[in-house]
Amino acid sequence: MSHRTTHLDISGMSCANCSQTIEQALRALDGVESVSVNYATDEGTVEYDPERTSLASVYGAVEDAGYAPVAETVSLGITDMTCANCAETNQEALEGVPGVVRADVNYATDEASVTYNPNDVSRERLYDAIERAGYTPVREEGEGDGDERRERARTDEIRKERTRTLFGAALSAPLLVMLVFELFAPGVLPETVPGTGVALGWAAFALATPVQYVLGKPFYVNSYKALVVNRRANMDVLIALGSSTAYLYSVAVLVGLVAGGLYFDTAALILVFITLGNYLEARSKGQAGEALRSLLELEADTATVVEEDGTEREVPLEDVAVGDRLKVRPGERIPTDGVVVEGQSAVDESMVTGESVPVEKGEGDEVVGSTVNENGALVVRATKVGEDTALQQIVRTVKEAQSRQPDIQNLADRISAYFVPAVIANALFWGVVWLLFPAALAGLVDFLPTWGLVAGGPAVAGGSVSAFEFAVVVFASAVLIACPCALGLATPAATMVGTSIGAQNGVLFKGGDVIERVTDIDTVVFDKTGTLTKGEMRLTDVVALNADTGTATDGGRLEAPVPDALDERAVLRLAATAERDSEHPLAAAIVDGARERDVDLASVEAFENVPGQGVRATVALDGDEATVLVGNRTLLREAGVDVRSADEAAERLEREGKTAMFVAVADEPVGVVAAADTLKEGAEDAVRTLRDRGVTVHLVTGDNERTARAVAEEVGIPAEFVRAEVLPEDKADAVEAIQADGARAMMVGDGVNDAPALATAFVGVALGSGTDVAIEAADVTLMRDDPRDVVKAIRVGEGTLAKIRQNLFWALGYNTAMIPLASLGLLQPVLAAGAMAFSSVSVLTNSLLFRRYTPDHDYHLLGFLRR
């Protein structure tokens with residue numbers, strides 16, 4: 001194969017060294033022939049050998065170097081897929097398109113998720129690749145058009161399969177009567193159709209032939225595409241082989257080419273049962289995706305825009321722009337994400353968070369689009385519209401999760417890859433064996449009861465059925481009984497339902513692989529501030545080291561100044577002035593506390609933030625400048641300040657669970673200020689439930705040791721699992737250290753400084769109230785601020801994986817049990833076809849039963865019945 005050249009747009013470069021770094025990373029890849037990266041244009045050109053490396057590896061190398069190659073991801077609908085082999089065929093076809101980074105095709109959702117380089121690939125080329133593979137893409141014409149077209153395609157498929165099933169059933173009903181008489185009352189039927197003189201065999205031929213054409217044609221066409229175009233066998237090949245074998249053998253008998261019985265009834269009923277199974281399967285697929293569609297249906301169709309002059313006008317939702325002021329009356333859905341600028345009301349956010357209790361909203365509070373305004377009028381300023389709203393992001397995340405399957409799917413994929421050829425080889429082998437050694441095999445199975453299910457094994461020994469005829473029957477049964485569909489549906493069907501359950505309960509998984517990893521965790525690492533605690537720090541204490549005035553707490557007025565000494569008010573003034581330019585929550589607590597106490601702040605001449613330690617500022621006081629330090633012990637000690645005189649006060653505050661910060665002026669400690677955070681309501685319950693499940697719980701925080709231990713003791717985390725005074729850049733190292741002995745850790749955090757740790761952990765979990773950076777780095781996003789949802793995420797994962805295992809057990813167990821029965825001649829072909837159709841439907845039904853599960857309790861086999 002010739003070399004390929006790809007043109008990359010790369011973001012994140014800031015100098016010529018960046019381009020050199022990227023070039024070096026790419027040249028290190030085996031198969032890369034030449035590289036050119038231009039910092040001035042943010043572009044790169046890479047020539048590579050696709051036999052030795054892939055475009056995914058090229059993208060991965062750029063990302064590992066710390067930069068972002070531009071890629072787009074699109075979801076494409078695909079019709080005509082009938083098994084996991086079809087999905088694999090489409091995936092290979094899409095990944096074979098130059099410029100495609102990766103493709104995931106989901107048979108359960110009939111969709112492909114394709115990540116590609118927009119410089120090299122157009123959507124039309126992706127459609128062409130699907131068509132060349134022998135399948136039909138759902139073409140999209142405009143934005144928002146895809147979901148509607150895929151839904152129409154799914155509805156059309158259901159209607160088409162239902163019509164074909166009814167047509168086949170109507171013509172096959174007389175054939176079914178013939179089959180019942182043949183099985184249970186042989187010799188009763190006349191040789192001709194009463195009153196017509198037409199031989200019964202020709203009548204069966206007349207009924208079976210239209211069924212063979214109308215119902216069988218799609219299977220024959222798809223089999224040709226699979227074998228000739230794609231050079232691989234799929235489920236359609238098995239159906240075509242089984243049905244055509246019974247039909248053609250019967251035609252040969254009817255025209256006198258061979259002697260034997262007629263199997264027109266079998267040929268027709270095979271196709272009816274399989275088509276009925278396809279109809280039920282299509283309906284089940286639609287039901288499995290119902291939760292996601294119902295979320296989209298929650299969007300408002302229109303919005304009421306309030307103009308500058310106060311007039312109101314109703315506009316379509318797509319015409320709303322960021323910054324528009326929207327009127328939301330009681331009972332209406334909030335059109336877009338926004339901020340309340342007028343009014344007060346309770347808002348039902350259950351569709352986003354799973355929380356049934358309405359949340360009070362007032363001026364300055366954020367609201368989520370599609371949630372319901374309960375009882376008061378609100379005016380909301382739109383902050384996110386269209387594809388950027390929380391609802392659209394939820395739907396997008398769930399769809400992406402459904403396209404990324406768990407690793408357990410690899411087992412099914414490996415089996416499916418060899419399944420159909422192995423089934424055909426097995427059928428041929430047993431057909432030949434029955435042809436050559438009929439008497440010996442018939443004697444082997446003679447002791448088994450028939451109950452009308454036996455194709456005729458014992459009869460072969462008695463000579464009532466020819467060896468050739470019985471070999472044909474065994475071959476047809478053996479190819480029809482096998483079902484790769486059930487294997488292909490086992491994982492994606494359960495994953496689709498599991499991700500939807502998670503979304504309905506405020507738990508968003510980034511992929512099915514994440515669901516599987518969640519079930520493997522044995523350790524949970526919590527950040528403290530904003531995760532176990534509310535993250536709303538309030539100033540509680542001010543201690544002046546040179547004044548005997550006690551402390552002021554809870555916003556009370558400070559004591560009067562003490563002559564010749566810095567009192568609490570002066571200490572607070574120094575601390576708040578130094579912290580006024582810091583964005584840290586502790587700094588905000590000090591500044592807010594000073595303002596609440598009417599303390600006037602001085603001016604700041606210079607400011608330096610020392611991450612993980614505190615701040616250093618030059619403060620102008622009464623015409624003089626002084627260097628003020630506010631922070632922890634490390635900050636002061638590194639500045640050469642002796643903190644022993646302040647230790648007693650600080651330790652007392654820390655034992656109370658407060659965060660103490662030292663205040664120093666001119667290299668002398670002058671006081672201690674303390675702030676405290678309150679635990680979230682569900683923190684203690686979350687830790688207790690995790691520990692009851694045998695999970696080890698750790699606390700990692702940048703706070704001091706005593707405060708960290710006080711909070712840990714309150715929620716029930718053992719002291720030996722507390723890591724305090726961990727700098728932001730060291731949190732990832734702390735997680736690595738925890739995992740060093742083989743632990744599989746789930747890191748739960750919400751801040752920018754948690755992002756590296758979230759990415760390092762076996763599973764990263766970000767609270768939805770956290771920063772965008774943290775959410776982006778995480779594998780799981782919790783839409784609520786409740787740490788108990790960590791347990792919900794684990795329960796959804798365990799329930800989903802249990803469903804996958806149940807499905808795989810049924811699919812593998814079914815084939816393991818039924819293929820030998822058919823090979824030994826113990827099943828009629830028509831019953832084998834019925835069992836084949838039933839196996840796929842049963843896997844989907846089992847997955848759909850999971851929809852009733854709520855993660856308020858652990859899942860078990862009948863878990864959906866518990867409340």
Visitor: Is the shortest distance from a Lys or Arg side-chain nitrogen in K680 or D785 to a carboxylate oxygen in the other one below 4.0 Å?
Guide: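 Salt bridge: yes.
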Visitor: Hey, does the side chain of S11 reach the backbone of A68 with a donor-acceptor pair shorter than 3.5 angstrom?
Guide: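 Between the backbone of A68 and the side chain of S11 there is a qualifying donor-acceptor contact (under 3.5 Å).
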Visitor: Would you say that V672 contacts V663 through its side chain, given a criterion of any heavy-atom pair below 4.5 Å between the two side chains?
Guide: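 Side-chain contact under 4.5 Å: no.
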Visitor: Taking atom CD as the centre, does E605 end up with more than 12 heavy-atom neighbours from other residues, nucleotides or ligands that are less than 6.0 angstrom away?
Guide: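 More than 12 within 6.0 Å, yes.
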Visitor: Between D522 and V695, is the side chain to side chain contact (heavy atoms under 4.5 Å, CB included) condition met? List the steps.
Guide: CA-CA 5 Å; D522 53 26; V695 176; 6.0 Å; no
Visitor: Can a donor-acceptor pair be found between the side chains of N373 and S345 at a distance below 3.5 Å?
Guide: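 Yes, S345 and N373 have a side-chain donor paired with an acceptor closer than 3.5 Å.
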Visitor: Give a yes or no answer on whether the side chain of R795 reaches the backbone of P855 with a donor-acceptor pair at less than 3.5 Å.
Guide: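 Checked: pair present.
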Visitor: Taking D685 first and then R688, would you say they form a salt bridge - that is, a charged N and a carboxylate O separated by under 4.0 Å?
Guide: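 Judged by the 4.0 Å cut-off on N to carboxylate O distance, D685 and R688 do form a salt bridge.
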Visitor: May I ask you to test the V780-V514 pair for a side-chain heavy-atom distance under 4.5 Å?
Guide: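 V780 reaches V514 side chain to side chain.
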Visitor: Indicate yes or no for a side-chain donor-acceptor contact from K384 to the backbone of V322 under 3.5 Å, with no hydrogens or angles considered.
Guide: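 No: the side chain of K384 does not pair with the backbone of V322.
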Visitor: May I have the step-by-step check of side chain to side chain contact (heavy atoms under 4.5 Å, CB included) for R580 and L601, ending in yes or no?
Guide: CA-CA 9 Å; R580 69 190 305 174; L601 303 187; 3.9 Å; yes
Visitor: Which heavy atom in F762 sits nearest to a heavy atom in R517, and how many Å separate them?
Guide: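 Scanning both residues completely, I find the closest heavy atoms to be O-NE, 3.0 Å.
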Visitor: Under a 4.0 Å N-O cut-off, is there an ion pair linking R325 with E342?
Guide: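 Looking at R325 and E342, the cut-off is met.
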Visitor: What is the distance from atom CG of D541 to atom CE of M661, rounded to the nearest 0.5 Å?
Guide: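 Spacing of CG (D541) from CE (M661) equals 10.0 Å.
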Visitor: How far apart are the closest heavy atoms of A578 and V615, and which atoms are they?
Guide: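 The pair with the smallest heavy-atom distance is O-CG2, 3.9 Å.
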Visitor: Quick one: does S582's side chain have a donor or acceptor within less than 3.5 Å of a partner on E579's backbone?
Guide: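 Side chain of S582 to backbone of E579, a donor-acceptor pair under 3.5 Å: no, none is there.
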Visitor: For V70, does its backbone N or O pair with a side-chain atom of Y59 as donor and acceptor, under 3.5 Å?
Guide: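 Checking the backbone N and O of V70 against the side chain of Y59, a donor-acceptor pair under 3.5 Å is found.
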Visitor: Which heavy atom of G343 sits nearest to which heavy atom of L378, and what is that distance?
Guide: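 Heavy atoms only, the tightest pair is C-CD2, 3.6 Å.
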Visitor: For the CG atom of L572 and the OG1 atom of T577, what is their distance to the nearest 0.5 Å?
Guide: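 Those atoms lie 8.5 Å apart.
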Visitor: Distance check, rounded to the nearest 0.5 Å: T760 atom OG1 versus M747 atom CE?
Guide: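 If I round to the nearest 0.5 Å, the distance is 9.5 Å.
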Visitor: Just by distance, do the side chain of E23 and the backbone of V37 share a donor-acceptor pair under 3.5 Å?
Guide: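 Checking the backbone N and O of V37 against the side chain of E23, a donor-acceptor pair under 3.5 Å is found.
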Visitor: State, yes or no, whether a side-chain contact exists between V687 and F526 at a heavy-atom distance under 4.5 Å.
Guide: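 Yes, side chains in contact.
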Visitor: When rounded to the nearest 0.5 angstrom, what distance separates CD in E668 from CG in L629?
Guide: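 Answer rounded to 0.5 Å: 11.5 Å.
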Visitor: Would D324 and R381 satisfy side chain to side chain contact (heavy atoms under 4.5 Å, CB included), going step by step from the backbone distance to the final call?
Guide: CA-CA 6 Å; D324 284 349; R381 177 173 54 82; over 6 Å; no
Visitor: Contact between T523 and M746 at the side-chain level, heavy atoms closer than 4.5 Å - yes or no?
Guide: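 No. Closest side-chain heavy atoms not under 4.5 Å.
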Visitor: If you define the side chain from C-beta out and look only at heavy atoms, does anything of T659 sit under 4.5 Å from M537?
Guide: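 Yes, their side chains come closer than 4.5 Å.
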Visitor: Between R784 and D789, does at least one N-O distance fall below 4.0 Å, as a salt bridge requires?
Guide: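 Answer for the salt bridge query: yes.
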Visitor: With a 4.0 Å cut-off on N to O distance, would you call K361 and E349 a salt bridge?
Guide: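 Yes, this pair counts.
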Visitor: Under 4.5 Å between any side-chain heavy atoms of R595 and V599, yes or no?
Guide: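 They are not in side-chain contact.
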Visitor: What's the shortest heavy-atom distance between P787 and L532, and which atoms?
Guide: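 Shortest heavy-atom contact: CB-CD2, 4.4 Å.
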Visitor: Is it true that a side-chain atom of Q739 and a backbone atom of R744 form a donor plus acceptor pair closer than 3.5 Å?
Guide: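 Not confirmed, Q739 side chain does not pair with R744 backbone.
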Visitor: Is the closest side-chain heavy-atom distance between D730 and D733 below 4.5 Å?
Guide: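 Result yes, sub-4.5 Å side-chain heavy-atom pair found.
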Visitor: For P611 and L727, which heavy atoms make the closest approach, and how far apart are they?
Guide: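 In terms of heavy atoms, the two residues are closest at O-CD2, 3.8 Å.
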Visitor: Any Lys/Arg nitrogen of K731 or D754 sitting under 4.0 Å from an Asp/Glu carboxylate oxygen of the other?
Guide: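 The answer is yes: the pair qualifies as a salt bridge.
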Visitor: Does this structure show an ion pair linking K510 with D779, if we count only N-O contacts that are shorter than 4.0 Å?
Guide: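 No, no charged N to carboxylate O under 4.0 Å.
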Visitor: Is there a side chain to side chain contact (heavy atoms under 4.5 Å, CB included) between E684 and R788? Walk through the geometry before answering.
Guide: CA-CA 9 Å; E684 185 178 356; R788 286 174 293 197; over 6 Å; no
Visitor: Check D677 with R538, please: is the shortest side-chain N to carboxylate O separation under 4.0 Å?
Guide: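 Looking at D677 together with R538, the answer is no, because their closest N to O distance does not fall below 4.0 Å.
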Visitor: Between V700, L699, V525, which is the residue that forms a side chain to side chain contact (heavy atoms under 4.5 Å, CB included) with R723?
Guide: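 Result for side chain to side chain contact (heavy atoms under 4.5 Å, CB included) with R723: V700.
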Visitor: Charged N to carboxylate O under 4.0 angstrom, D642 versus R644?
Guide: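 R644 and D642: salt-bridged.
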Visitor: Between T519 (side chain) and E516 (backbone), is there a donor-acceptor pair under 3.5 Å?
Guide: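 Answer holds: yes.
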Visitor: If you define the side chain from C-beta out and look only at heavy atoms, does anything of L539 sit under 4.5 Å from D592?
Guide: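 Of all side-chain heavy-atom pairs linking D592 with L539, none is under 4.5 Å.
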Visitor: Is Y67 reaching over with its side chain to a backbone N or O of I10, donor-acceptor style, under 3.5 angstrom?
Guide: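 Checking the backbone N and O of I10 against the side chain of Y67, no donor-acceptor pair under 3.5 Å is found.
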Visitor: When you measure from the side chain of D337 to the backbone of G369, do you find a donor-acceptor pair of N or O atoms at a distance under 3.5 Å?
Guide: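 Such a contact is found between D337 side chain and G369 backbone.
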Visitor: Of all the heavy-atom pairs spanning A382 and L326, show the shortest one and how long it is.
Guide: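 Distance-wise, the nearest heavy atoms are CB-CD1, 4.3 Å.
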Visitor: OG1/T781 to CZ/F509 distance, rounded to the nearest 0.5 angstrom?
Guide: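 Going from the OG1 atom of T781 to the CZ atom of F509 covers 10.5 Å.
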Visitor: Above 12 or not: heavy atoms from other molecules or residues under 6.0 Å from CD of E366?
Guide: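 Counting other residues, nucleotides and ligands, CD of E366 stays at 12 neighbours or fewer.
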Visitor: Output a table of donor-acceptor pairs, distance under 3.5 Å, between side-chain atoms of residues 706-718 and any protein atom two or more places apart or on a different chain; print 'none' if there are none.
Guide:
| from | atom 1 | to | atom 2 | distance (Å) |
| --- | --- | --- | --- | --- |
| R706 | NH1 | E654 | OE1 | 3.0 |
| R706 | NH2 | E651 | OE2 | 3.0 |
| T707 | OG1 | K658 | O | 2.3 |
| T707 | OG1 | N704 | OD1 | 3.0 |
| T707 | OG1 | N704 | ND2 | 3.0 |
| R709 | NE | E705 | OE2 | 2.7 |
| R709 | NH2 | E705 | OE2 | 3.0 |

Visitor: With rounding to the nearest 0.5 angstrom, report the CD1 to CD distance, I22 to E63.
Guide: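 It is 11.0 Å, given to the nearest 0.5 Å.
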